[in-house]
Amino acid sequence: MYKTVEYHDVLNYTDYILIDVRSPKEYSEATIPGAVNIPLFLDEEREVVGTVYMQESTEKARRLGVEFVSKRLPEIYDSIIKYSKEYDKIIFFCARGGMRSGSIYSLTSSLGVNSYRLKGGYKGYRDFINKELPKINEEIKYIVLHGKTGTGKTKLLYKLKDIGFDILDLEKNANHRGSLLGSVGLGCCNSQKQFESLIYEELRNRKSNWIFVEGESKRIGRTIIPEYIWNSMGEGYHLLLDTSMENRVKIILEDYTKHDSSEEDIIEALNVMRKHISSNNIDLYTEMVRNKRYEEVAESLMLKYYDPMYMNSMKKHIFQGSFYYDNLDEGVEKISRWYKDNILNN
């Protein structure tokens with residue numbers, strides 16, 4: 001008989017690890033935050049087994065699966081045993097809580113490992129998120145930080161976190177900064193499912209119901225802020241932030257030029273912008289990037305492209321506070337003082 005747990009029970013455990021036995025591709029697209037991947041089938045193996053299952057027979061697919069797994073069974077076993085020595089509970093899950101997690105559960109249980117199977121697998125977990133994330137959001141009041149590109153909104157969020165405030169970092173959860181240059185140095189944007197899972201984790205671990213968040217477009221890279229969160233942000237408090245162009249350029253360069261691949265990533269992103277900016281200007285910016293003239297490119301793009309677009313989008317908001325600061329510490333001090341005067345003492 002399987003020892004099966006539901007995800008809401010897992011949240012009450014302390015000494016456990018979730019093991020995703022799906023293929024590496026499935027795992028990379030979306031998983032439960034904190035889970036490790038010990039795949040029973042590699043990507044090509046899963047594809048072959050699936051094809052045989054659909055086109056030939058279940059029995060043949062199962063036998064093929066056994067052949068694939070048996071070759072790597074010592075490696076799989078060693079990985080699981082290593083985790084069993086570090087954690088009291090080993091919780092396996094696959095796509096739907098079926099054959100893959102059931103088979104590895106049966107094997108490890110018979111060998112004395114304190115194993116569990118997650119009910120419904122990853123699909124069951126997604127059902128949980130789809131139900132619980134909107135409920136958590138209903139309890140929250142958002143304080144939304146707005147400001148032109150380079151005003152340091154993300155850095156301010158983390159400075160606020162350092163002094164005890166709760167934050168929601170949508171850009172980190174999306175693995176994208178939101179603009180057409182938003183993927184520079186970050187790699188692929190997260191999937192929508194992973195985005196929502198990471199939002200849930202951040203909100204679940206909050207200390208209060210007041211959350212600082214950066215103002216974003218509804219779409220961040222390839223992810224979309226869920227409608228209910230987007231609406232709650234719109235109904236929250238809105239603060240407008242600003243600093244000097246010198247500071248903004250400095251902040252932009254810190255974020256966009258610190259990676260080995262930054263130059264090529266920037267040039268690739270600039271090419272995407274040809275539909276918004278003339279090709280002559282893009283060619284000029286590209287040449288400037290190759291010559292490491294990053295400051296000039298950043299200032300020109302902000303003045304000619306980002307600032308006009310951003311200020312136009314700000315017309316829809318009514319701001320409860322507006323702050324200019326010479327440095328980020330001053331910005332945090334002004335935001336903290338506003339919070340004390342308008343939230344804490346009201």
Contacts of [X] that satisfy ring pair (Phe, Tyr, Trp, His ring centres under 6.0 Å) - sequence neighbours left out:
{"X": "Tyr122", "answer": "Tyr125"}
{"X": "Tyr87", "answer": "none"}
{"X": "Tyr237", "answer": "Trp210, Trp338"}
{"X": "Tyr16", "answer": "none"}

*Between Thr286 and Asp283, does any side-chain donor sit less than 3.5 Å from a side-chain acceptor?*
no
*Short side-chain donor-acceptor distance under 3.5 Å, Glu214 and Thr154*: yes
*Determine, step by step, whether Leu64 and Glu45 satisfy the side chain to side chain contact (heavy atoms under 4.5 Å, CB included) criterion, reporting the C-alpha distance in whole Å, the side-chain angles of both residues, the deciding distance to 0.1 Å, and the verdict.*
CA-CA 9 Å; Leu64 192 59; Glu45 295 169 346; over 6 Å; no
Within a reach of under 6.0 Å around [atom1] of [X], are more than 12 heavy atoms found that belong to other residues, nucleotides or ligands?
{"X": "Glu201", "atom1": "CD", "result": "yes"}
{"X": "Glu47", "atom1": "CD", "result": "no"}
{"X": "Glu246", "atom1": "CD", "result": "no"}
{"X": "Arg63", "atom1": "CZ", "result": "no"}
{"X": "Lys334", "atom1": "NZ", "result": "yes"}

In the structure I gave you, are the side-chain heavy atoms of [X] and [Y] within less than 4.5 Å of one another anywhere?
{"X": "Glu196", "Y": "Asn130", "value": "yes"}
{"X": "Lys3", "Y": "Arg117", "value": "no"}
{"X": "Glu263", "Y": "Tyr294", "value": "yes"}
{"X": "Ser84", "Y": "Asn114", "value": "no"}
{"X": "Ile167", "Y": "Val213", "value": "no"}
{"X": "Ile76", "Y": "Leu107", "value": "no"}
{"X": "Ile32", "Y": "Leu118", "value": "yes"}
{"X": "Lys25", "Y": "Arg46", "value": "no"}

*Would you check, one step at a time, whether the test side chain to side chain contact (heavy atoms under 4.5 Å, CB included) holds for Ser208 with Phe165?*
CA-CA 8 Å; Ser208 76; Phe165 289 103; over 6 Å; no
Salt-bridge contact [X]-[Y] (side-chain N to carboxylate O under 4.0 Å):
{"X": "Glu254", "Y": "Lys155", "result": "yes"}
{"X": "Asp127", "Y": "Lys123", "result": "yes"}
{"X": "Lys172", "Y": "Glu202", "result": "no"}
{"X": "Glu59", "Y": "Arg62", "result": "no"}
{"X": "Arg337", "Y": "Glu333", "result": "yes"}
{"X": "Glu264", "Y": "Arg290", "result": "yes"}
{"X": "Asp166", "Y": "Lys207", "result": "yes"}
{"X": "Glu216", "Y": "Lys153", "result": "no"}
{"X": "Glu75", "Y": "Arg72", "result": "no"}

_Check the orientation of Phe41 and Phe68. Use parallel for under 30°, tilted for 30 to 60°, and perpendicular for over 60°._
perpendicular
*Can you run down the ring-ring contact (aromatic ring centres under 6.0 Å, His included) pairs that involve residues 127-158, sequence neighbours left out, and say none if there aren't any?*
Tyr7-Phe128, Phe128-Tyr200, His146-His238, His146-His317, His146-Phe319
What residues, two or more places apart in sequence or in another chain, satisfy salt bridge (charged side-chain N to carboxylate O under 4.0 Å, His left out) together with [X]?
{"X": "Glu139", "answer": "Arg206"}
{"X": "Arg22", "answer": "Asp20"}
{"X": "Glu6", "answer": "Lys119"}
{"X": "Glu287", "answer": "none"}

_I'd like to know if the side chain of Gln194 and the backbone of Thr31 have a donor-acceptor N/O pair within less than 3.5 Å._
yes
*asked:* Is it the case that the side chain of Glu29 and the backbone of Ser191 share a donor-acceptor pair, with hydrogens and angles ignored and the cut-off at 3.5 Å?
replied: no
*Keeping to residues at least two apart or across chains, list the side chain to side chain donor-acceptor pair (under 3.5 Å) pairs with something in residues 89-104.*
Glu26-Arg100
*Gap separating the CD1 atom of Ile19 from the CD1 atom of Ile90, nearest 0.5 angstrom*: 4.5 Å
_Just verifying a value: how many Å separate Ile229 CD1 and Leu170 CG, rounded to the nearest 0.5 Å?_
7.0 Å
*Do the numbers put Lys148 on top of the ring of Tyr310, so that NZ or CZ is under 6.0 Å from the six-membered ring centre and no more than 45° off the axis?*
no
Please find the pair of heavy atoms, one from [X] and one from [Y], that lie closest to each other, and give the distance.
{"X": "Thr223", "Y": "Asn190", "value": "CG2-O, 3.1 Å"}
{"X": "Val69", "Y": "Leu40", "value": "CG2-O, 3.6 Å"}
{"X": "Ser217", "Y": "Ile225", "value": "O-CD1, 3.6 Å"}
{"X": "Ile129", "Y": "Ser197", "value": "CG1-OG, 4.4 Å"}
{"X": "Asn137", "Y": "Ser232", "value": "ND2-OG, 2.9 Å"}
{"X": "Ala174", "Y": "Cys189", "value": "O-SG, 3.1 Å"}

In the single-linkage hydrophobic clustering (I, L, V, M, F, W, Y; side-chain heavy atoms under 4.5 Å), do [X] and [Y] co-cluster?
{"X": "Leu73", "Y": "Val48", "value": "yes"}
{"X": "Ile343", "Y": "Leu241", "value": "yes"}
{"X": "Met309", "Y": "Val249", "value": "yes"}

*Kindly state each residue pair satisfying salt bridge (Lys or Arg N to Asp or Glu O under 4.0 Å) with at least one member in residues 222-242, sequence neighbours excluded.*
Lys218-Glu227
*How far apart are the C-alpha atoms of Tyr285 and Ser300, what are their side-chain angles, what is the distance that settles it, and do they pass the side-chain hydrogen bond (donor to acceptor under 3.5 Å, both in side chains) test?*
CA-CA 9 Å; Tyr285 291 144; Ser300 180; 2.6 Å; yes
*asked:* As a test of understanding, state which of Asn247, Thr151, Ile335, Val332 forms a side chain to side chain contact (heavy atoms under 4.5 Å, CB included) with Tyr325.
replied: Thr151
*Kindly give the cluster partners of Met54, where membership spreads through any ILVMFWY side chain lying under 4.5 Å from a current member.*
Tyr53
